[in-house]
Visitor: 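I have a structure here, written as structure tokens, and I will follow up with some questions on it.
Values below: all heavy atoms of this structure, side chains included; hydrogens, waters and symmetry mates excluded.
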Amino acid sequence: VAVWACGGNQYGQLGLGEADSIPTQIHVPMAITFPDPVAAVESLECGANHVLCLTKPPGSGQQRLVAWAWGSTAFGQCGMSKGEVSESVT
């Protein structure tokens, strides 16, 4: 399963890793790397500067979903302290 991202990346909202090593504008889609194996993406929601994603791990059947978040947390929207930036999928 692959999730691709392109566009603005000022707050790490593309989930591509360290913002210092990734341009702030991505014109060609790049694949997002999840820390754990993913069998399916159940839902993906984009905010202005963050992304929330529900995935199904391999062999999990219908019972287990994993929530991922990345990007700006200016208002705590990624489940982290306000003002932090999650540049990678967490």
Side-chain angles (χ1 to χ4, degrees):
V1 170
V3 174
W4 296 83
C6 63
N9 194 44
Q10 297 84 342
Y11 304 100
Q13 65 266 41
L14 298 183
L16 299 172
E18 298 293 323
D20 294 341
S21 62
I22 304 290
T24 57
Q25 287 292 320
I26 305 297
H27 299 285
V28 176
M30 296 178 67
I32 295 172
T33 302
F34 288 90
D36 295 326
V38 170
V41 173
E42 293 294 310
S43 179
L44 186 118
E45 298 293 329
C46 301
N49 298 312
H50 71 287
V51 175
L52 303 174
C53 183
L54 284 176
T55 64
K56 188 181 297 184
S60 65
Q62 299 294 324
Q63 301 301 316
R64 183 169 172 240
L65 294 176
V66 177
W68 302 97
W70 56 92
S72 171
T73 63
F75 301 100
Q77 62 268 50
C78 290
M80 301 169 68
S81 297
K82 289 182 180 180
E84 291 184 48
V85 172
S86 176
E87 297 167 340
S88 298
V89 177
T90 55

Visitor: Compare every heavy atom of C78 with every heavy atom of T73, then report the nearest pair and how far apart it is.
Guide: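 Looking at all heavy atoms of both residues, the shortest contact is CG2-CB, 3.3 Å.
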
Visitor: Backbone N or O of S72 within a donor-acceptor pair of the Q13 side chain at under 3.5 Å?
Guide: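 It does not hold such a pair.
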
Visitor: Would you say the side chain of I32 lies within less than 4.5 Å of the side chain of L16, judging by non-hydrogen atoms?
Guide: yes

Visitor: Backbone N or O of A31 within a donor-acceptor pair of the W4 side chain at under 3.5 Å?
Guide: no

Visitor: State, with a plain yes or no, whether a side-chain heavy atom of P57 is found less than 4.5 Å away from one of D36.
Guide: no

Visitor: With clusters defined by side-chain heavy atoms of hydrophobic residues (ILVMFWY) lying less than 4.5 Å apart, directly or transitively, does Y11 cluster with L52?
Guide: no

Visitor: What residue pairs, at least two apart or across chains, pass ring-ring contact (aromatic ring centres under 6.0 Å, His included) with a residue in residues 37-56?
Guide: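 For residues 37-56: none.
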
Visitor: On a heavy-atom basis, which atom in C53 and which in F34 lie closest, and how many Å separate them?
Guide: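 Scanning both residues completely, I find the closest heavy atoms to be SG-CZ, 4.1 Å.
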
Visitor: Could you tell me which residues satisfy side-chain contact (heavy atoms from CB on, under 4.5 Å) with A40, sequence neighbours excluded, listed by chain and number?
Guide: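 In terms of side-chain contact (heavy atoms from CB on, under 4.5 Å), with neighbours along the sequence ignored, A40 is linked to E42, K56.
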
Visitor: With sequence neighbours excluded, tell me which residues meet side-chain contact (heavy atoms from CB on, under 4.5 Å) with V1.
Guide: V38, V41

Visitor: Quick check: closest heavy atoms across N9 and L14, and the distance to 0.1 Å?
Guide: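 Scanning both residues completely, I find the closest heavy atoms to be OD1-N, 3.1 Å.
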
